[in-house]
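One structure is given below, encoded as structure tokens.
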Amino acid sequence: KCGQWCAALALLSSMFDGHLETSVVAHNAASSACEKGYRWPWALQVLDELRGKQQEATVVSFAACSSAVEKAKRWDLALQLQLELQVL
């Protein structure tokens, strides 16, 4: 069973494939689902995709990713995200 994170990523991917405009909210929901499913690399990928679309990441965007990397004990990435958040 792949869980909510898999369904969230599939939905976001289908939006891309259908050339639909994605929103920050859709990206944040996918990142949050990845965080809850302990899929921190995917959460970071969603954040990178958000940036690639020139959409502004929010505090929620960074919070989901920070939580995901913290659960994985990737303190280096958590610190990097916190530093990036301070620039917002």
Handout entry: Separation of R51 CZ from E56 CD (nearest 0.5 Å)
Key = 11.5 Å
Exercise for the section: Please identify each residue that fulfils side chain to side chain donor-acceptor pair (under 3.5 Å) with R74, with sequence neighbours left out. Expected result: D76
Practice task
List for me each residue that meets side-chain contact (heavy atoms from CB on, under 4.5 Å) alongside S13, sequence neighbours excluded, and say none if there are none.
Solution key: D17
Exercise for the section: Following the transitive rule for hydrophobic clusters with a side-chain heavy-atom cut-off under 4.5 Å over Ile, Leu, Val, Met, Phe, Trp and Tyr, establish whether L47 and V24 coincide in one cluster. Expected result: yes
Fill in the blank from the handout: Here the gap from Q4 atom CD to K36 atom NZ, rounded to the nearest 0.5 Å, amounts to 10.5 Å
Practice task
Identify the heavy atoms of G37 and W5 that sit nearest to each other, and give their distance.
Solution key: CA-CD1, 4.0 Å
Fill in the blank from the handout: The reported gap from CG in L44 to CD in E49 (rounded to nearest 0.5 angstrom) is 11.5 Å
Exercise for the section: Could you walk me through whether H27 and M15 pass the side chain to side chain contact (heavy atoms under 4.5 Å, CB included) test, one step at a time? Expected result: CA-CA 11 Å; H27 282 87; M15 292 174 78; over 6 Å; no
Would you mind writing out the side-chain donor-acceptor pairs for residues 61-70 within the sub-3.5 Å range, not counting sequence neighbours?
| residue | atom | partner | partner atom | Å |
| --- | --- | --- | --- | --- |
| S61 | OG | N28 | OD1 | 2.6 |
| S61 | OG | T58 | N | 3.0 |
| S61 | OG | T58 | OG1 | 3.2 |
| S66 | OG | F62 | O | 2.9 |
| S66 | OG | Q82 | NE2 | 3.0 |
| S67 | OG | E35 | OE2 | 2.9 |

Completion exercise
Here the gap from K71 atom NZ to Y38 atom OH, rounded to the nearest 0.5 Å, amounts to 4.5 Å
Handout entry: Shared hydrophobic cluster for L11 and V46 (ILVMFWY, side-chain gaps under 4.5 Å)
Key = no
Fill in the blank from the handout: Heavy atoms of A57 and L50 approach each other most closely as CA-CD2, 3.7 Å
Handout entry: Separation between CG of L9 and CZ of R39, rounded to the nearest 0.5 Å
Key = 10.0 Å
